[in-house]
Amino acid sequence: MRNSVEKKTLMFGLVALAAMCSGCSLTPAQNQVSPRTQSNGQACPSDDSGLKLPAGFCATVFADGIGHARQMAAAPSGVLYVNTWSGRYYGNDTPHAGGFLVALQDKSGTGKADVIERFGETLQSGGAGGTGIGIYKGSIYAENNDRILRYSMPAGSIVPSGSADTIVSGLPLGGDHPMHPFIISSEGSMYV
């Protein structure tokens, strides 16, 4: 039952984020309200969320099946970064290959991630994923185990090409919730 509730919560979070982001697209053509939605208040044709929304709003499932998503951060470029996690809370299931961090991008303007790329620590490299994720001055910051890592992003790419720098280490892993959500202020201070 807990897994079902977590999946529904994750799905709602991704749908809500997609609904919020659908109005803040970077290209003017994608930012226009469809005449159908505007005139009669019906949901857009690609509405597959199963949510009942007020007139003028629509939502799509932006991404599904990416793993146990914990937190998300949206880059100015429109790429959505997600930190996923695996462990005893999820029945020690097998995490996705390629890394616990996921970059999601909607290149076609359909409200769905059509580019999904993984990066970061893997189970094989000793990672277990994490919760916290943030973007500051073009770098991706993500929690993994007892550390917060910084991934520098090369120009024109949505995922890093090199290894991460450890920014914080030695965070506690005991207790019932060994996760480390964080935020980075506009001045660059990190609060864990």
Side-chain angles (χ1 to χ4, degrees), residues 6-7 10-11 13-22 24-27 30-31 60-87 90 93-169 171 178-186 188 190-192:
E6 289 166 347
K7 285 180 183 177
L10 170 62
M11 181 68 71
L14 289 174
V15 168
L17 185 62
M20 290 184 324
C21 288
S22 67
C24 61
S25 181
L26 297 176
T27 58
Q30 294 171 339
N31 202 18
T60 63
V61 176
F62 187 67
D64 195 11
I66 63 168
H68 304 290
R70 299 292 293 170
Q71 288 186 342
M72 302 175 273
S77 64
V79 177
L80 180 67
Y81 292 93
V82 182
N83 198 347
T84 66
W85 186 62
S86 184
Y90 301 111
D93 63 341
T94 304
H96 292 265
F100 287 100
L101 300 173
V102 186
L104 303 165
Q105 187 176 33
D106 175 9
K107 282 189 146 183
S108 62
T110 62
K112 298 181 183 301
D114 47 21
V115 176
I116 300 173
E117 293 191 37
R118 293 182 169 277
F119 64 99
E121 297 283 336
T122 63
L123 192 61
Q124 294 75 21
S125 68
T131 293
I133 191 163
I135 301 170
Y136 183 72
K137 291 193 174 184
S139 293
I140 305 297
Y141 292 76
E143 171 210 7
N144 184 60
N145 298 335
D146 69 336
R147 301 170 290 146
I148 296 177
L149 306 171
R150 178 181 60 214
Y151 294 88
S152 297
M153 301 297 290
S157 178
I158 66 169
V159 296
S161 58
S163 59
D165 297 317
T166 299
I167 302 303
V168 178
S169 62
L171 295 168
M179 300 291 98
H180 308 99
F182 62 86
I183 61 167
I184 304 171
S185 73
S186 58
M190 180 178 287
Y191 299 90
V192 181

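Along the sequence shown, residues are numbered consecutively beginning with 1.
Checked by atom type and distance alone, the side chain of His96 pairs as donor or acceptor with a backbone atom of Gly65 at under 3.5 Å. Between the side chain of Asn83 and the main chain of Arg70, no donor-acceptor pair closer than 3.5 Å is present. A donor-acceptor distance shorter than 3.5 angstrom exists from the side chain of Asn144 to the backbone of Gly129, with no hydrogens or angles considered.
Shortest non-hydrogen contact noted between Ala103 and Val159 is CB-CG1, 3.9 Å. Taking both residues in full, the closest heavy atoms of Ala73 and Gly134 are given as CB-CA, 4.1 Å, listed atom of the first, atom of the second, then distance. Nearest approach of Met153 to Ser157, heavy atoms of both residues: CE-O, 3.8 Å. Nearest heavy atom pair, residue Thr131 against residue Pro181, reads CG2-CB, 4.2 Å. Minimum heavy-atom separation, Leu123 to Phe100: N-CE1, 3.7 Å.
Of the inter-residue distances, the one linking Leu104 atom CG with Lys112 atom NZ reads 13.0 Å to the nearest 0.5 angstrom. The OH atom of Tyr81 sits 4.5 Å away from the CD1 atom of Ile140 when rounded to the nearest 0.5 Å. Separation of atoms OG (Ser169) and CG (Asn145) is listed at 12.0 Å; rounding is to 0.5 Å. Here the straight-line distance linking atom CG of Asp106 with atom CG of Asp114 works out to 5.5 Å at 0.5 Å rounding. Here the CG atom belonging to Leu80 is positioned 7.5 Å from the CD1 atom belonging to Ile66, to the nearest 0.5 angstrom. Taken from CH2 in Trp85 to CD in Gln71, the straight-line distance is 13.0 Å, to the nearest 0.5 Å.
Using a 4.5 Å heavy-atom threshold, the side chains of Ile148 and Met190 count as touching. Counting only heavy atoms from C-beta outward, the side chains of Ser139 and Ser152 approach each other to under 4.5 Å.
The ring-ring contact (aromatic ring centres under 6.0 Å, His included) pairs that include a residue from residues 115-144 are Phe119-Tyr151, where partners are two or more places apart or lie in different chains. Applying the salt bridge (charged side-chain N to carboxylate O under 4.0 Å, His left out) test to every pair with at least one member in residues 140-161, sequence neighbours left out, gives these pairs: Glu121-Arg147, Arg150-Asp165.
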I would like to know whether Ile116 and Val102 meet side chain to side chain contact (heavy atoms under 4.5 Å, CB included); could you show each step before the answer? CA-CA 7 Å; Ile116 300 173; Val102 186; 3.8 Å; yes
Verdict with supporting geometry, Thr110 and Thr60, side chain to side chain contact (heavy atoms under 4.5 Å, CB included): CA-CA 9 Å; Thr110 62; Thr60 63; over 6 Å; no
